[in-house]
Amino acid sequence: MRKSGWDKTMVNKKAENKDSILNELVRYGQTGMTFSASIFIGFGMGWWLDNKLFAGKTAPWFSFIFLGFGIVAGFKHLWDMNKKISHD
Amino acid sequence: MEHPILFISVILDWIGLPVPHGPIGATFLEKLCEPYMTYSWLVMAFLFVVPKLTLGNLELVPGTGQNFWEALISGLFEFIAEQLGREKAKVFFPIFATFFLYTVIANMIGLLPGFMSPTSSLNVTMAMTIMVWLMHHFLGFRYHGWKYYKHFTGPIPLIAPFMMVLELISNVARLLSLSMRLFGNILAKETLLAVLFMLAGAFFAPLPILALGVLVSLIQAVVFVLLAIIYCAGAMEPAH
């Protein structure tokens, strides 16, 4: 049988050089962007729920709750990064 | 801000096609004639035609053109293999190499007068990012089956719905951050060049920015491809 690229046995194989300088530079450089973006996305979701889905009846509440979710998601991203650093 | 002179738009105008004056055209034909669309096609045509012209017939002892492309392609392959491992790199090489070549040419073309970078429009970068985003989730399902959802629930079942929302938000945030970074960097380069050219073009004021622009174009292309690779690798690795 032809060995295809989708072979599941290679999933667990560690990549040869995963933590090169460039890789880390890119990953941690993107962290700030992702942090702010998740806050905006969280607020945007809440705003959409408030003003589009429920047509303003729940007005500020979903926005605030999802803004909180967005901030927590941003910090969770930082937390994951932190775990990744201490793991390596 | 109005871009100085875009020669494709001038030609299309001269032919009689409706070139939109704002950022977004009203009709379908106007949408097709937007500068970022036409220049995107120019980049694609460049990527089709130039390798065809320079490569010629493949030979065992490579000439200059073949040497250049072989060095570029093998360098790219090694770069991707470093991140993903050799077997996976063979599978994913075409899409990442295409992203890299397209992005680097699209970024660099804006340094020439009369051209603009298609990547300085959010539409183009967003389209590329949506492709990456859909691809990495597709790969996640391809490699893990339905168990892929465990990537999003976290370790504790009790707070799984909460974690789901958080992961959803940070996943969509990837879409925004990846497209916005490329778009912002290239738009900044374009705008800065245009402003400096209009202010003091006669005194070669844009020259240092042109030099930096080459650097920014290359770095942003590398960063875009590397992040796409990192996202795909993250979707393919086993859940914690």
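Just so we're on the same page: letters track the sequence lines, and every chain starts at 1.
- The aromatic rings of Trp146(B) and Tyr149(B) lie parallel to each other, their planes meeting at an angle below 30°, with 60° marking the opposite boundary.
- The candidate from Gly32(A), Ser38(A), Gly29(A), Ser36(A) with the greatest count of non-hydrogen atom pairs under 4.5 Å with chain B is Ser38(A).
- Distance alone, capped at 3.5 Å, is enough to place a donor-acceptor pair between the His144(B) side chain and the Ala235(B) backbone.
- Of the possible polar contacts, none joining the His137(B) side chain to the Leu134(B) backbone as a donor-acceptor pair under 3.5 Å is found.
- For a residue to count as touching a neighbouring chain, one of its non-hydrogen atoms must lie under 4.5 Å from one of that chain's; by this rule Met180(B) touches chain A with backbone and side chain alike.
- Ring centers of Phe35(A) and Phe75(A): under 6.0 Å apart, within the cut-off.
- Looking at Phe224(B), neither its backbone nor its side chain comes within 4.5 Å of chain A, counting heavy atoms on both sides.
- For the set Ala173(B), Ala89(B), Ser170(B), Ser177(B), the entry with the most heavy-atom pairs within less than 4.5 Å of chain A is Ser177(B).
- Using a 4.5 Å cut-off between heavy atoms, Ile39(A) does not touch chain B at all.
- For a residue to count as touching a neighbouring chain, one of its non-hydrogen atoms must lie under 4.5 Å from one of that chain's; by this rule Leu175(B) does not touch chain A.
- In this structure, the side chain of Thr125(B) engages the main chain of Leu122(B) through a donor-acceptor pair within 3.5 Å.
- With contacts defined as side-chain heavy-atom distances shorter than 4.5 Å, the pair His77(A)/Ile169(B) does not qualify.
- Heavy-atom distances place both the backbone and the side chain of Val172(B) under 4.5 Å from chain A.
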